[in-house]
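Here is the naming used below: chain letters follow the sequence lines, and residue numbers restart at 1 for every chain.
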There are 2 protein chains.
Amino acid sequence: MVDVATDTRTRIIEATRSRLLADGYAGLSTRKVAEEAGVPLSQLHYHFGSKGALIIALFTEENDRLLERQSRMYAQDKPLWQRYEQACDFLEDDLESGYVRVLQEMLAAGWSNPEIGDVVRDLLTDWYVLLAEVAREAERRFGSLGPFTPEEFATLVANAFIGSEALLLLGFERPVMPIRSALRRIGLLIREREEGADPSVGHQAPPRTPPNRAADGPVVAG
Amino acid sequence: MVDVATDTRTRIIEATRSRLLADGYAGLSTRKVAEEAGVPLSQLHYHFGSKGALIIALFTEENDRLLERQSRMYAQDKPLWQRYEQACDFLEDDLESGYVRVLQEMLAAGWSNPEIGDVVRDLLTDWYVLLAEVAREAERRFGSLGPFTPEEFATLVANAFIGSEALLLLGFERPVMPIRSALRRIGLLIREREEGADPSVGHQAPPRTPPNRAADGPVVAG
DNA sequence: TCCTCTCTCGGTCGGTCGACCGAACTTGCG
DNA sequence: CGCAAGTTCGGTCGACCGACCGAGAGAGGA
């Protein structure tokens with residue numbers, strides 16, 4: 001395997017990602033990918049065998065990057081609410097980078113394509129296992145999470161993120177539906193628990209404003 | 001417009017729905033739809049003009065059915081927690097009927113197709129507006145929803161449902177990720193608030209069991 | 001040197017796609 | 001009856017799809 005200036009295989013993967021962001025999974029074409037990568041069409045099949053294997057290779061690569069960053073983040077020795085806020089910041093980054101779009105396209109493709117479904121299920125399972133462990137740690141450190149088991153709480157937050165991502169990709173505007181601020185508020189909930197503070201006081205807690213007047217940006221972190 | 005035994009237009013719509021459930025939006029083909037409907041291919045374009053207009057007609061029909069049932073349900077004079085549980089029951093029905101799949105395919109298609117995106121955004125906005133009103137009523141009747149505005153709480157629950165649906169469609173198995181029981185627990189939270197009961201006592205509250213041993217079915221209602 | 005393995009290349013296969021056409025059929029009205 | 005509008009029909013257009021082919025370039029070892 002010779003490493004050319006920019007490896008052909010890498011260029012194909014990146015072009016696939018680019019076309020996926022532009023046209024979605026439904027509109028993905030091997031010819032457009034080849035054109036964008038600047039390589040002959042036949043190179044796609046030489047390096048990956050098939051269109052399906054190509055897209056799965058892309059998915060796996062995104063997967064690995066996600067897991068690596070994720071475990072690095074949660075290994076930090078910080079208050080839990082700060083780590084949660086960092087997760088919210090990551091969401092903003094990932095929306096901009098196209099990461100979220102790729103994941104959601106994978107997810108949707110998995111409904112019809114069992115092979116893709118298996119890959120995505122593995123990815124999301126790993127993510128859930130990590131979040132559930134964090135939730136268990138939280139319960140150990142500062143008590144019960146209401147009526148929820150740690151696993152249920154982790155599932156709920158994770159799925160709220162998944163759903164929020166899908167809606168943000170659809171272009172829901174800021175004032176209409178307070179998607180971002182709703183997710184950020186969970187961090188506030190965690191912080192109140194963690195610091196044993198009186199919820200009615202709130203540290204630098206933002207005012208609760210109705211969504212038609214509220215800015216739907218980050219409400220806690222800058 | 002003559003009404004034949006089964007109207008051609010209706011048969012095409014139903015066939016479109018059927019093929020969408022089988023192949024997903026990415027794999028939807030007008031020829032397969034025509035074959036399933038038992039009509040010539042040209043009928044699709046005569047009645048709907050284009051593939052895009054056909055799929056949007058289907059989406060709109062599902063939309064109308066959803067809104068009708070939704071408003072009927074929330075108009076009931078029942079405790080809020082009972083109405084929430086009914087919403088959870090609807091989720092089970094809609095998963096089985098293919099409703100959820102159609103909605104989620106619409107959602108995903110909207111990421112790439114602006115016209116579809118507009119339709120889906122309108123649908124989901126109506127849904128959110130209704131839920132937000134319910135949340136405002138809840139806050140009026142039994143006080144603050146933690147750090148959340150009613151609109152944020154509604155958004156959070158709605159998005160948790162959207163995300164949960166996507167994952168359930170992907171085939172997440174019951175014991176691995178307690179998706180259903182996590183959603184059901186929210187009803188418990190509402191009930192405790194609504195009845196002013198001590199959370200630690202709980203009415204017929206199910207035991208909190210770790211997810212590897214818990215059945216992930218309905219945890220409150222049968 | 002020559003042989004082999006890896007990789008690149010242009011070209012083309014059979015098939016499917018959405019869209020469109022003109023002719024024929026049905027229905028209702030005068 | 002004759003006419004017109006609404007509907008159904010088989011057939012076909014050009015474009016695009018994923019997959020595959022054999023030739024050949026280039027590097028590295030024997």
Side-chain angles (χ1 to χ4, degrees), chain A residues 1-59 105-106 108-110 112-116 119, chain B residues 1-59 105-106 108-110 112-116 119:
Chain A
M1 187 182 295
V2 184
D3 201 356
V4 204
T6 44
D7 190 29
T8 300
R9 193 189 154 93
T10 303
R11 286 170 64 190
I12 293 173
I13 290 267
E14 285 176 357
T16 304
R17 187 176 196 276
S18 171
R19 295 318 307 171
L20 186 65
L21 296 183
D23 303 327
Y25 176 75
L28 191 66
S29 145
T30 54
R31 279 179 169 81
K32 286 185 186 174
V33 170
E35 190 186 11
E36 180 131 339
V39 301
L41 175 59
S42 50
Q43 290 291 79
L44 272 63
H45 294 93
Y46 174 77
H47 285 284
F48 299 96
S50 72
K51 179 187 178 182
L54 167 60
I55 194 91
I56 285 181
L58 168 65
F59 290 175
E105 289 282 355
M106 283 166 59
S112 299
N113 183 324
E115 206 175 348
I116 293 178
V119 174
Chain B
M1 185 183 294
V2 185
D3 201 357
V4 205
T6 43
D7 189 29
T8 300
R9 194 188 152 94
T10 302
R11 285 170 64 190
I12 293 174
I13 289 268
E14 285 176 357
T16 304
R17 187 177 196 276
S18 171
R19 294 317 307 171
L20 185 65
L21 296 184
D23 303 327
Y25 176 75
L28 191 66
S29 145
T30 54
R31 281 178 170 80
K32 286 184 185 174
V33 170
E35 189 187 10
E36 179 132 340
V39 301
L41 175 59
S42 48
Q43 290 292 79
L44 272 65
H45 293 93
Y46 174 77
H47 284 284
F48 298 96
S50 71
K51 180 187 177 182
L54 168 60
I55 194 93
I56 286 181
L58 168 64
F59 290 175
E105 289 281 354
M106 284 166 59
S112 299
N113 183 325
E115 206 175 349
I116 293 178
V119 174

TODO: Starting from C1' on C:dT16, measure out to NZ on A:Lys51 and report it in whole angstrom.
DONE: 13 Å
TODO: Identify which one of A:Arg31, A:Arg11, A:Arg19, A:Arg17 satisfies the side chain to side chain donor-acceptor pair (under 3.5 Å) criterion when paired with A:Glu36.
DONE: A:Arg19
TODO: Report yes if a side-chain nitrogen or oxygen of B:His47 is closer than 4.0 Å to either non-bridging phosphate oxygen (OP1 or OP2) of D:dT8; otherwise report no.
DONE: yes
Open item on the list: So, does A:Thr8 get its side chain near the phosphate of C:dT8, meaning an N or O under 4.0 Å from OP1 or OP2?
Closed with: yes
- [ ] Give a yes/no on whether any side-chain N or O of B:His45 is located under 4.0 angstrom from OP1 or OP2 of C:dC20.
- [x] no
Task: No-H, no-angle donor-acceptor pair, A:Ser42 side chain to C:dG10 base, under 3.5 Å - done: yes
Open item on the list: Should the side chain of A:Ser50 and the base of D:dG18 be counted as holding a donor-acceptor pair, with the cut-off at 3.5 Å?
Closed with: no
Open item on the list: Between C1' on D:dC16 and CZ on B:Arg31, what's the gap in Å once rounded to a whole number?
Closed with: 12 Å
Task: Length of the OH-P vector between B:Tyr46 and C:dC25, whole Å - done: 17 Å
TODO: Would you kindly give the OH-to-P distance between A:Tyr25 and D:dC17, to the nearest whole Å?
DONE: 14 Å
- [ ] Please work out if B:Leu41 contacts a base, only the sugar-phosphate, or nothing of the nucleic acid, heavy-atom cut-off 4.0 Å.
- [x] base
Open item on the list: Just to be sure I understand the rule, does B:Leu54 reach a base, reach only the sugar-phosphate, or reach nothing, if contact means heavy atoms closer than 4.0 Å?
Closed with: nothing
